[in-house]
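Comments concern the structure below.
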Amino acid sequence: MSRIVYVNGEFLPEEDAKISIFDRGFLMADGVYEVTSVLNGKLVDYDGHLTRLERSLTALDMPEPEGMDALLEIHRELVKRNNLKEGGVYLQITRGAADRDFLYPEHPKPSLVMFTLAMTLKKSPKAEKGLKIISIEDQRWGRRDIKTVQLLYPSMGKMMAKDAGADDAWMVEDGFVTEGTSNNAYIVTRAGTIVTRQLSNDILHGITRAAVLRFAREAQMQVEERPFTMDEAKDAAEAFITSATTFVTGVVEIDGVTLGDGAPGPVSRRLREIYIEEAEKMAV
Ligand code: PDD
């Protein structure tokens, strides 16, 4: 049975879903997206993703597509029709089809596309083993707080990591780590403080980041939101990443330097446990 996807008001088998070649998402990367994780058939932190989606639309002056008022129902229907127990829902809104022009069309008709992603999230082998990270220069544009579909540089970054025998890359700008190619980046200092870059236009405001920092503070862990360097990262007791598809995943090697005993550290393992427990509780 083929996957059922959602395109502009219709649920269709994926092979029947079509978008115009004039869609500005295709021609100009004029689109935004969200990935919401699914645990036990339920959506994790749906409100957080919806709020960020609305923020991205506003930042690009992109009107809401039809179907926005029923977005939660569409998510649920898609999960149900695909019998998805664990994974994610990918959602993309573009400014829609228009004659090619750098100026936004005067009467845009935005597109809404959604599909499910089957993934093993809780018992992920990568999370058990921990990730190897390399550093690369951050060559993305300056509005990384908007979750746009222009993901070519992050794609190149993942390829650079793969070619170097690593799992992912952390991006560095003016000597400081911004974030991972598709996740937020953290270190745990030898004194036990969790450090991650503060929110600004330089990074995506991760929904998982917000939840994890809240849980860390509730568990009386020390948190500092400030930039850190790769030297500090290589000297850290632990490191980890967060995202909707990786939750909290330990980093065990940075630019060839092994952290701790080479396994995910106690702080990241504890935060992963807390996050999964809370995510299951808050899922809708
Ligand atoms: N990526 N930073 C970047 C650059 C990201 O692309 C992502 C998410 C995050 C983490 O955000 P959140 O916790 O809200 O997932 C940080 C998604 C998962 C993706 O592109 O597949």
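Just so we're clear, the structure is a prediction, and the values are computed from it rather than from any experiment. Each ligand, and each atom within it, is numbered from 1 in the order the structure gives.
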## Note on the structure
One finds that the ligand 1 atoms under 4.0 Å from a non-hydrogen atom of Asn184 are 10 (C), 16 (C)
### Task
For Lys234 and Thr229, run side chain to side chain donor-acceptor pair (under 3.5 Å): C-alpha distance rounded to whole Å, both residues' side-chain angles, the deciding distance at 0.1 Å, then the answer.
CA-CA 9 Å; Lys234 282 187 263 184; Thr229 63; over 6 Å; no
### Task
Assess Tyr90 for proximity to ligand 1: is some non-hydrogen atom of it under 4.0 Å away?
no
### Task
Please report which non-hydrogen protein atom sits nearest to atom 6 (O) of ligand 1, along with the residue it belongs to and the distance in Å to one decimal place.
Ser182 CA, 3.4 Å
### Message
Going by the closest heavy atom to atom 4 (C) of ligand 1, which one wins out of Glu34, Glu179, Arg52, Lys147?
### Response
Glu179
### Message
Would you compute the distance between atom CG of Leu259 and atom CG of Leu131 and round it to the nearest 0.5 angstrom?
### Response
11.0 Å
#### Entry: Ala244 neighbourhood, listing ligand 1 atoms whose heavy-atom distance to it stays under 4.0 Å
12 (P), 13 (O), 15 (O)
### Task
Looking only at protein heavy atoms, identify the closest one to atom 18 (C) of ligand 1 and say how far it is in Å.
Thr245 OG1, 3.9 Å
### Query
Going by the atom numbers of ligand 1, which of them fall below 4.0 Å from some non-hydrogen atom of Ser243?
10 (C), 13 (O), 15 (O)
### Message
Distance under 4.0 Å to a non-hydrogen atom of Val35: what atoms of ligand 1 satisfy this?
### Response
21 (O)
### Summary
The atoms of ligand 1 lying under 4.0 Å from a heavy atom of Gly206, numbered in the order shown, are 11 (O), 12 (P), 13 (O), 14 (O)
### Message
Pairs of nitrogen or oxygen atoms closer than 3.5 Å, one from Thr208 and one from ligand 1: do any exist?
### Response
yes
### Query
For Arg226, does the CZ atom have more than 12 heavy-atom neighbours from other residues, nucleotides or ligands under 6.0 Å away?
yes
### Check: Tyr90 ring centroid to Tyr33 ring centroid under 6.0 Å
yes
### Message
Which residue in the set Lys147, Arg52, Arg55 passes salt bridge (charged side-chain N to carboxylate O under 4.0 Å, His left out) when paired with Glu34?
### Response
Arg52
### Task
Report yes or no: do Glu15 and Ser2 form a side-chain donor-acceptor pair below 3.5 Å?
yes
### Query
Which atoms of ligand 1 sit under 4.0 Å from any heavy atom of Thr181?
4 (C)
### Task
Specify the protein heavy atom at minimum distance from atom 20 (O) of ligand 1: its residue, its atom name, and the distance to 0.1 Å.
Tyr33 OH, 2.6 Å
### Query
In terms of heavy-atom contacts, does CD of Gln222 have more than 12 from other residues, nucleotides or ligands at under 6.0 Å?
no
### Query
Taking atom CD of Glu73 as the centre, does the number of heavy atoms from other residues, nucleotides or ligands within less than 6.0 Å exceed 12?
yes
